[in-house]
Amino acid sequence: MELKLYNTLTRTKETFTPINELVRVYSCGPTVYKYAHIGNLRTYIFMDLLVRILRYDGFNVKNVMNITDVGHLLSDGDEGEDKMERSAREQQKTPYEIADEITAQFFKDIDSLNIKRPTITPKATENIPEMIEIVQELLKKGYAYEIDDGIYYDVSKFNGYGKLSRINLDDQKAGARVGVNSQKHNPIDFALWKKAEPNHIMQWDSPWGKGYPGWHIECTAMSFKYLGKHFDIHTGGVDHIPIHHENEIAQGEATTGFKNTNYWMHSEFMLFDGGKMSKSLGNCYTVTELAEKGYSPIDFRYFCLNAQYRQKLNFTFDGLASAKIAYERLLAQLRAHNECNEKTDLDILEKYKQEFIEAINDDINVPMALGVLWKMVKEPKSKDIYSLALEMDKVLGLNLDKLYEIKDEQTIDENIISIAQKRLEVRKAKDWKESDRLREQLKQLGYNIKDTNNGYELEKIQ
RNA sequence: GGCACCAUAGCCAAGUGGUAAGGCAAAGGUCUGCAAAACCUCUAUGCCCCGGUCCAAAUCCGGGUGGUGCCUCCA
C-alpha cells in the first residue's frame, strides 16, 4: 500500500517516497507566549496522525517540533514588539519564566491529547549561533542586507518567492502597506536579525551587535541542524503558507542552493461557530477549559478525528457533545467485544484491516478510518475484533486499550450516597412513590441517578 | 481589488466517473414499576442552482449563487 500525501507545493496528492530509510519530519511548533487553544492543538493532532501513520506503515521516523521562545514579532518583518517580551511585560514576569510556564503546559496538553512527543523539541533560544550562521551566509551570498535596526532578507533577490502560496509578488506589492520610514528595500522584506534596544530583555551577541533572531530564521536553523538540509516533510497550519513558510523556503534555498523540503503539508483552521477562531479574537478554549465543561482531551481528539485535516472544522459544543457520546459508545461496544470469547473469520478481519489501511494511506483520511472501525464494531462480538481495534488505535490514539478506567473519580458526598442507598432499599420493597421522591431529591442536590441491573449509577449534573 | 478553499440528510462528515461510509439527533422497538442508560432497527431516488461532456456525473468542464480564509499577528 503506498502512502499518498497532499503536497501544498504542487497542490496534488503525491505518492510519498522517502529520501532515505529515516523519514524526517519538521513541524512548526508553538510560540510559547500564551496558552495553546484547541485550534492550535488541532494542528498538532494532525502532525501526530501523520507521524503515527508513517510509523504504522513501517517507516522509521525522526520528527522535530520547535518551541519558539524568542523573536516572534507582533508585526512580522516590521517594527513590532516581540511577543515574548510583551507577554512578559503584561504579566510582570521575565520572558524566560513565561516560556517555561507555557512550555510546560503545552507538553501537558499534548500528552493529554495522546500526541506522541516529537523526537526532538528544540528551543529557539538554545540555537542562536546556528541562526547567526545562516544569516551570515545569506549576507555573504547577497540575499540579505543590513539597515539601522537589523538584517533583512531581500525578497527581490530570490526568484522562487511566492511559489508555495502562489501569490504574485507584484500584486502583493501593489496592495501592501508601505513602511514610510522603513529603510527596507522592499515592503515584504523580512527581518533575519533584529538589533536590540537596550531595554530588550532577550538579546545575544552577534556580528551586528546585541540582538535577537527573526522568527522565520529559527525554523530554518533548527530544521537544518536536527534534520539536515534536505528532509522529507514540513508541517504547519495553513496560515503559515503565505509568509512563514514562504520565507523559510527563501532562506533555506538561498543558503543551500537546493530544495530543502520535499512535501509541505498544512492543516486547515478550526472555526468557532462558523467563524474564525484565534487568539486575537478571544474566542478560543484550552483543553483545561473543555475539561471544566466535562469534556476530556480524548473527547476532543475524537472530535478532531471526525474531519479530514485539510477541511475546515467547525467547533461547537454540540459537536463536541456528539463526539463525546459517540466515543463513549465506541468504548462500550469494545468492552463487549473484549469480554466475548468468540472468533471472527480471518477474511472478515482482513477486509476491515485493508479498508482501514487504505483510508489512512489516502492522505490521512481518518474520518473514513473511523467509519471502518465503527462498521467493524457492529459485527458479532468477538475478541478478535477488539484485537484489531487495538491495532487501529496505534494510529487513532483513542485510548482503546483503556476500556475500564474509572472516568473522573469525583468524590460524592456521603449524604448523596446514603439517599441513593435508601432508594435502592425502597425499590426492593417496590415502594415506587418513595423511590421517585428520592430520585427527585437527588436531582435537587445535583445528581442524576440511573438504575442498573444490580445497583445504581450517580452522575453529577453539569 | 488580488489569491485560495469550500457548498452532501436537522447537525457534523466521508465519498472526486459506476449508482450516496460513519457519528450525533429524531423515530420505532427490546429491557424497565416509571425514567434514564444500554442495545437493536430505521432515516438523502438524491449531493447549492443552470447548462455541457459521457453509456454513466455528487464526482469532469463552463456559467451563476452562497460561505469561509488569506493578502495585518494567528495553528
Side-chain angles (χ1 to χ4, degrees), chain A residues 8 11 13 27-31 33-34 36-47 72-78 80-81 83 86 162 165-168 170-177 188 215 235-244 266-271 274-281 284 302-303 305-316 318-330 332-333 335-336 355 359 362 365-378 427 430-433 435-436 439-440 443 448-453 456-457 459:
Chain A
T8 306
R11 307 282 159 105
K13 275 188 208 173
S27 301
C28 279
T31 299
Y33 70 109
K34 234 182 207 179
H37 60 69
I38 55 177
N40 300 131
L41 294 167
R42 182 192 185 193
T43 299
Y44 304 118
I45 289 176
F46 150 67
M47 167 199 80
H72 198 154
L73 302 181
L74 286 170
S75 171
D76 175 65
D78 278 322
E81 192 177 1
K83 288 183 176 182
R86 184 178 75 159
S165 53
R166 305 200 167 178
I167 47 162
N168 184 313
D170 298 327
D171 292 345
Q172 292 304 110
K173 276 180 194 165
R177 74 281 179 192
I188 55 169
W215 177 40
T235 75
V238 283
D239 56 310
H240 282 156
I241 298 170
I243 296 174
H244 183 53
H266 297 93
S267 67
E268 253 297 350
F269 270 149
M270 174 171 271
L271 307 178
K276 200 165 110 168
M277 173 185 287
S278 72
K279 288 176 186 172
S280 55
L281 291 179
C284 340
Y302 186 95
F303 174 81
L305 263 45
N306 257 313
Q308 211 256 356
Y309 76 93
R310 283 195 288 123
Q311 303 299 327
K312 292 180 185 73
L313 175 59
N314 188 22
F315 177 85
T316 61
D318 280 352
L320 184 59
S322 126
K324 181 187 172 71
I325 292 169
Y327 175 59
E328 280 168 3
R329 286 186 189 161
L330 180 65
Q333 293 277 347
R335 264 179 234 122
E355 278 182 32
D362 182 16
N365 194 338
V366 174
M368 175 170 262
L370 256 190
V372 174
L373 174 60
W374 268 104
K375 271 192 285 179
M376 179 177 86
V377 140
K378 296 287 174 70
R427 285 190 74 240
K430 297 193 190 292
D431 183 351
W432 310 125
K433 205 169 177 181
S435 163
D436 289 347
R439 178 162 63 199
E440 184 55 32
K443 200 173 175 185
N448 277 326
I449 187 161
K450 298 178 211 166
D451 298 320
T452 59
N453 284 340
Y456 58 84
E457 236 173 68
E459 187 184 67

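Below, chains carry the letters A, B, ... as their sequence lines are ordered, and counting in each starts from 1.
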Task: Quiz item: A/Asn365 side-chain donor-acceptor pair to B/rG15 base, under 3.5 Å - done: no
- [ ] For B/rA38, give its Watson-Crick or G-U wobble partner with both distances under 3.5 Å, or none.
- [x] B/rU30
- [ ] Go ahead and name the base partner of B/rG18; Watson-Crick or wobble counts if both distances stay under 3.5 Å, otherwise write none.
- [x] B/rC55
Task: Euclidean distance for C1', B/rU32 against B/rA37 (whole angstrom) - done: 11 Å
Open item on the list: Under 4.0 Å, counting only non-hydrogen atoms across every strand here, what does A/Leu41 touch: a base, just sugar-phosphate, or nothing?
Closed with: nothing
- [ ] Scan every strand shown for a Watson-Crick or G-U wobble partner of B/rU65, both distances under 3.5 Å, and answer none if you come up empty.
- [x] B/rA7
TODO: Report the distance from atom CG of A/Asn314 to atom P of B/rC12, rounded to the nearest whole Å.
DONE: 7 Å
TODO: Write down the atom of A/His266, the atom of A/Thr8, and the distance for their closest heavy-atom approach.
DONE: ND1-OG1, 2.7 Å
- [ ] Measure distances between side-chain N and O atoms of A/Arg439 and base N and O atoms of B/rA35, and say whether any donor-acceptor pair falls under 3.5 Å.
- [x] yes
Open item on the list: Please confirm whether the shortest side-chain N or O distance from A/Arg310 to OP1 or OP2 of B/rA14 is below 4.0 Å.
Closed with: no
Task: Nucleotide forming a Watson-Crick or wobble pair with B/rA13, both distances under 3.5 Å - done: none
Open item on the list: At less than 4.0 Å, is any side-chain N or O atom of A/Arg427 found next to OP1 or OP2 of B/rU32? Yes or no.
Closed with: no
- [ ] Using the C1' atom as the reference point in each nucleotide, state the distance between B/rU59 and B/rU43 in Å, no decimals.
- [x] 24 Å
Task: Aromatic stack A/Trp374/B/rG22: centroid gap under 5.5 Å, interplanar angle under 30° - done: no
Task: Identity of whatever pairs with B/rA44 - Watson-Crick or G-U, under 3.5 angstrom - done: none
